[in-house]
Q: 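My structure is below; once you've seen it, I'll send some questions.
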Amino acid sequence: MRQRIIMDVDTGVDDSLALLYLLASPDAEIAGIAATAGNVPAAQVAINNLAWLELAGAPEIEVALGAADPLEIPLRTTEDTHGPHGIGYADLPTPTRSLSSRTADRLWVDLARRYPGELIGLCTGPLTNLALALRTEPDLPRLLRRLVIMGGAFNHPGNTTPTNEWNIHVDPEAAKIVFDAFAAAPPDRRPLVCALDITETIEMRPVHLAELAERAGSLPVETVSPADPPGPRSAASNPIIRHLTDAVRFYFDFHRDHDLGYLAHMHDPFAAAVALDPTLVRTRPATVDVELTGTLTRATTVADWAGMWGRPPNADIVVATDPARFFDRMIGRIGDFARDRFPAEATTGHQ
Ligand code: RIB
Ligand code: CA
């Protein structure tokens, strides 16, 4: 049975894979996409999602524009990480589809009220628009069936400052509003938190791109290399594989340039897989709060695992998974999806 899901994204290379993963998943129905400012400005996030949806031949899925800025601080973007437009070296065809007339926070509220107890929320970007939605509808934690958040770092270094993670860093006030709001949630409605502790074990490598191409029947099967010059260069016959390869190569370059190896941490498609199937992970309950005033530690997520604060748990933090199992599932689903969308015998010329 298809699970209804709202994606709140800051697309982003790995957000792009999260979208493709859900489009490729028979057990998912994307009820709407909230475009949140983060990796790139919200308007660019929206364009990226409309473009991927059109390339993928997806149904008319609503894409709603989020707030231009975080709740209280100026927006910081990271084109050095995800590319000038947020999709690496990929140059997607300009979308002809148009944006929703609703705002992203309105989309959250309207969908949660329309599908009480059914809607899964997946956040793979800053929590600005979810926080705004909570201000309108404080009952969201009860209305949602499940919430999965890619964000934070607990017993693990940050990726933006020594202690904080990008999605929280961009809008820490919003993150605190979200975690505080779930303090009253029943145990089965606590957010599932995919923090860097676990998502930095999800290491995509060139071999995974080659396996995706093989699964999609795309030719040639390319082995991207750190020696490749910058810029779009994939000659893959399958347009989804081609653009995906060009997008991910930028992310590989970024990780290599930061001494992490020629690989990419696939934070967001992992969170998407967890949103559809929480049996992929093991979790531990904790009380999570967000530091807002620390000179060195602002936007750090802090987990109280032992009840030291005397506050009930408000999150289930992912503490274990099997990365290989996730990659098998992601490559199988996106590879088959790309093949069915662009059958090998039909892919002549570039799209
Ligand atoms: O810290 C990783 C997260 O920040 C990912 O969601 C990435 O897309 C960026 O949004
Ligand atoms: Ca993201």
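Computed from a prediction, not measured in an experiment: that's the story for all the values here.
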Q: Out of curiosity, Asp180 CG to Ile177 CD1, how far, rounded to the nearest 0.5 Å?
A: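 The distance works out to 8.0 Å.
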
Q: Which atom names give the shortest non-hydrogen contact between Ala112 and Leu143, and what distance separates them?
A: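 Shortest heavy-atom contact: O-CB, 4.0 Å.
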
Q: Could you tell me whether the side chain of Glu54 and the main chain of Thr96 form a donor-acceptor pair under 3.5 Å?
A: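 Yes, Glu54 side chain to Thr96 backbone: donor-acceptor pair under 3.5 Å.
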
Q: Can you name the nearest heavy-atom pair linking Arg215 to Ile331, along with the distance?
A: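 Closest pair (atom of Arg215, atom of Ile331, distance): CG-O, 3.8 Å.
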
Q: Would you mind reporting whether His243 and Trp52 have side-chain heavy atoms less than 4.5 Å apart?
A: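 Result yes, sub-4.5 Å side-chain heavy-atom pair found.
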
Q: Hey, are Arg325 and Asp328 close enough for a salt bridge, meaning a charged N less than 4.0 Å from a carboxylate O?
A: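 No salt bridge links Arg325 with Asp328.
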
Q: Could you tell me whether a side-chain N or O of Asp246 sits under 3.5 Å from a main-chain N or O of Tyr89, the two making a donor and an acceptor?
A: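 No; judged by distance alone, with no hydrogens or angles, the pair does not exist.
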
Q: Show your working on side-chain contact (heavy atoms from CB on, under 4.5 Å) between Thr136 and Arg106 and close with a plain yes or no.
A: CA-CA 8 Å; Thr136 305; Arg106 195 69 239 173; 3.8 Å; yes

Q: Are Leu71 and Leu127 connected into the same hydrophobic cluster when the rule is that any two of I, L, V, M, F, W, Y join if their side-chain heavy atoms are below 4.5 Å apart?
A: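 Leu127 clusters together with Leu71.
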
Q: Test Leu144 against Trp108 for side-chain contact (heavy atoms from CB on, under 4.5 Å), laying out the working first.
A: CA-CA 10 Å; Leu144 291 173; Trp108 270 102; 4.0 Å; yes

Q: Count I, L, V, M, F, W, Y as connected when their side-chain heavy atoms are under 4.5 Å apart, and connections chain through other members. Are Val178 and Ile73 then in the same cluster?
A: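 Different hydrophobic clusters.
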
Q: Before giving the answer on salt bridge (charged side-chain N to carboxylate O under 4.0 Å, His left out), spell out for Asp139 and Arg113 the whole-Å C-alpha distance, their side-chain angles and the decisive distance to 0.1 Å.
A: CA-CA 9 Å; Asp139 209 19; Arg113 287 174 176 168; over 6 Å; no

Q: Quick check against the 3.5 Å criterion: does Glu79 have a side-chain atom that pairs as donor or acceptor with the backbone of Pro84?
A: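 Not a single qualifying donor-acceptor pair exists.
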
Q: Consider side chain to side chain contact (heavy atoms under 4.5 Å, CB included). Of Leu147, Val193, Ile6, which one does Cys123 pass it with?
A: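 With Cys123 as partner, side chain to side chain contact (heavy atoms under 4.5 Å, CB included) holds for just one option, Leu147.
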
Q: May I ask you to decide if Ala153's main-chain N or O and Thr301's side chain share a donor-acceptor pair within less than 3.5 Å?
A: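 Checking the backbone N and O of Ala153 against the side chain of Thr301, a donor-acceptor pair under 3.5 Å is found.
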
Q: Is it true that Phe182 and Leu140 fall in one hydrophobic cluster, defined by side-chain heavy atoms closer than 4.5 Å?
A: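 Yes; tracing contacts between hydrophobic side chains, which count when under 4.5 Å, links both residues.
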
Q: Can you see whether Asp268 engages Tyr21 through a side-chain donor-acceptor pair at a distance of less than 3.5 angstrom?
A: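 No, no side-chain donor-acceptor pair sits under 3.5 Å.
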
Q: Determine whether Thr283 and Val319 make a side-chain contact, defined as any pair of heavy atoms from C-beta on separated by less than 4.5 Å.
A: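 The answer is no; the side chains never approach within 4.5 Å.
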
Q: Does Arg135 come within less than 4.0 Å of Asp105, counting only side-chain N to carboxylate O?
A: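 A salt bridge is absent here (no side-chain N lies under 4.0 Å from a carboxylate O).
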
Q: Kindly work out whether a path of hydrophobic side-chain contacts (I/L/V/M/F/W/Y, heavy atoms less than 4.5 Å apart) joins Leu280 to Ile149.
A: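 No.
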
Q: Decide yes or no on side-chain hydrogen bond (donor to acceptor under 3.5 Å, both in side chains) for Thr36 and Asp10, but give the supporting numbers first.
A: CA-CA 5 Å; Thr36 289; Asp10 65 336; over 6 Å; no

Q: Give a yes or no on whether the backbone of Ala64 and the side-chain of Ser100 come within a donor-acceptor separation of less than 3.5 Å.
A: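 Not at all, since once roles are kept as given, no pair shorter than 3.5 Å links the two residues.
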
Q: So how far is it from Phe179 CZ to Asn314 CG, rounded to the nearest 0.5 Å?
A: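 Those atoms lie 7.0 Å apart.
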
Q: Can a salt bridge be assigned to the pair Arg249 and Asp228 using a cut-off of 4.0 Å between side-chain N and carboxylate O?
A: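 Salt bridge present between Arg249 and Asp228.
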
Q: For Glu118, is there an ion pair with Arg145 - N to carboxylate O distance below 4.0 angstrom?
A: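 Looking at Glu118 together with Arg145, the answer is no, because their closest N to O distance does not fall below 4.0 Å.
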
Q: Under a plain distance cut-off of 3.5 Å, with no hydrogens placed, do Thr81 and Thr78 share a side-chain donor-acceptor pair?
A: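 Indeed, the side chains of Thr78 and Thr81 share at least one donor-acceptor pair under 3.5 Å.
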
Q: Do Glu29 and Ile5 come within less than 4.5 Å of each other through their side chains, counting heavy atoms only?
A: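 Not touching, per the 4.5 Å side-chain cut-off.
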
Q: Determine yes or no for a side-chain-to-main-chain donor-acceptor pair under 3.5 angstrom, with Arg256 supplying the side chain and Pro226 the backbone.
A: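 Such a contact is found between Arg256 side chain and Pro226 backbone.
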
Q: Report the residues that fulfil side chain to side chain donor-acceptor pair (under 3.5 Å) with Arg102, sequence neighbours left out, ordered by chain and then residue number.
A: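 Expected list: Glu62, Asp110.
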
Q: Does any pair with a residue in residues 284-294 pass side chain to side chain donor-acceptor pair (under 3.5 Å), and if so which ones, sequence neighbours excluded?
A: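 Qualifying pairs, neighbours excluded: Lys176-Asp289, Asp289-Arg311, Glu291-Thr293.
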
Q: Could you check Phe270 against Ile198 for side-chain contact (heavy atoms from CB on, under 4.5 Å), going step by step and ending with a plain yes or no?
A: CA-CA 9 Å; Phe270 174 74; Ile198 203 75; 3.8 Å; yes

Q: For the residue pair Ser234 and Glu222, confirm or rule out a side-chain donor-acceptor distance under 3.5 Å.
A: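 There is such a pair between these side chains.
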
Q: Looking only at heavy atoms, what is the nearest atom pair of Asn129 and Ala104, with distance?
A: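 Closest approach of Asn129 to Ala104: CG-CB, 3.8 Å.
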
Q: Please report the shortest heavy-atom distance between Asp14 and His82, naming the atom on each side.
A: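 For Asp14 versus His82, the nearest heavy atoms are OD1-CE1, 3.3 Å.
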
Q: If you define the side chain from C-beta out and look only at heavy atoms, does anything of Glu165 sit under 4.5 Å from Asn167?
A: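 Side chain of Glu165 against side chain of Asn167, heavy atoms only: contact under 4.5 Å found.
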
Q: Does any part of the side chain of Leu209, heavy atoms only, come nearer than 4.5 Å to the side chain of Thr223, both counted from C-beta?
A: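 Side-chain contact under 4.5 Å: no.
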
Q: Looking at Val109, is its backbone amide N or carbonyl O close enough to the side chain of Glu137 to form a donor-acceptor pair, meaning the two atoms are under 3.5 Å apart?
A: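 Pair absent, no side-chain N/O of Glu137 close to backbone of Val109.
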
Q: So do the side chains of Val302 and Phe154 get within less than 4.5 Å of each other, counting heavy atoms only?
A: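 They are not in side-chain contact.
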
Q: Enter the distance from Leu99:CG to Ile33:CD1 here, rounded to the nearest 0.5 Å.
A: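 Output value for this atom pair is 11.0 Å.
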
Q: In Å, rounded to the nearest 0.5 Å, how long is the span from CG of Leu19 to CD1 of Ile30?
A: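 Output value for this atom pair is 5.0 Å.
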
Q: When rounded to the nearest 0.5 angstrom, what is the spacing between CG in Leu276 and CG in Leu22?
A: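 So the gap between those two atoms works out to 5.5 Å.
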
Q: Can you see whether His169 engages Arg298 through a side-chain donor-acceptor pair at a distance of less than 3.5 angstrom?
A: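 No, no side-chain donor-acceptor contact under 3.5 Å.
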
Q: Is the backbone of Met1 close enough, under 3.5 Å, to the side chain of Asp27 for a donor and an acceptor to pair up by distance?
A: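 Such a contact is absent between Asp27 side chain and Met1 backbone.
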
Q: Would you name the heavy atoms of Val290 and Pro172 that are closest together and state the gap between them?
A: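 Minimum heavy-atom separation between Val290 and Pro172: CG1-O, 3.9 Å.
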
Q: In this structure, would Ile240 and Met330 fall into the same cluster of hydrophobic residues linked by side-chain contacts under 4.5 Å?
A: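 Per the 4.5 Å side-chain linkage, Ile240 and Met330 are co-clustered.
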
Q: Any chance you could lay out the side-chain contact (heavy atoms from CB on, under 4.5 Å) test for Ile334 and Leu23, step after step, and finish with the verdict?
A: CA-CA 8 Å; Ile334 295 180; Leu23 290 173; over 6 Å; no

Q: For a quick check under 3.5 Å, do Asp171 and Thr128 share a side-chain donor-acceptor pair by atom type?
A: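 Result is yes, a qualifying pair exists.
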
Q: Within the 4.5 Å heavy-atom criterion, are Asp15 and Asn48 side-chain neighbours or not?
A: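 Not in contact.
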
Q: Considering all heavy atoms of both residues, which atom of Thr297 and which atom of Thr163 are nearest to each other, and what is their separation?
A: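 So the minimum-distance heavy-atom pair works out to CA-OG1, 3.9 Å.
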
Q: Would you check if the side chain of His267 reaches a backbone N or O of Thr124 as a donor-acceptor pair within less than 3.5 Å?
A: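 A pair under 3.5 Å: no.
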
Q: Is a side-chain donor or acceptor of Thr77 paired with a backbone partner of Pro41 at a separation under 3.5 angstrom?
A: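 Flag not set: sc Thr77 to bb Pro41 has no pair under 3.5 Å.
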
Q: Any non-hydrogen side-chain atom of Val224 less than 4.5 Å from a side-chain atom of Tyr262?
A: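 They are in contact (side-chain heavy atoms under 4.5 Å apart), so the answer is yes.
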
Q: Tell me which one of Arg189, Arg190, Arg146 satisfies salt bridge (charged side-chain N to carboxylate O under 4.0 Å, His left out) with Asp316.
A: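 Going through Arg189, Arg190, Arg146 one by one, the salt bridge (charged side-chain N to carboxylate O under 4.0 Å, His left out) with Asp316 is satisfied by Arg190 alone.
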
Q: Distance check, rounded to the nearest 0.5 Å: Leu55 atom CG versus Leu20 atom CG?
A: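 Here the rounded value is 8.0 Å.
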
Q: Could you tell me if Thr300 and Asn164 have a donor-acceptor pair between their side chains, going purely by distance under 3.5 Å?
A: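 Absent: no donor and acceptor within the cut-off.
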
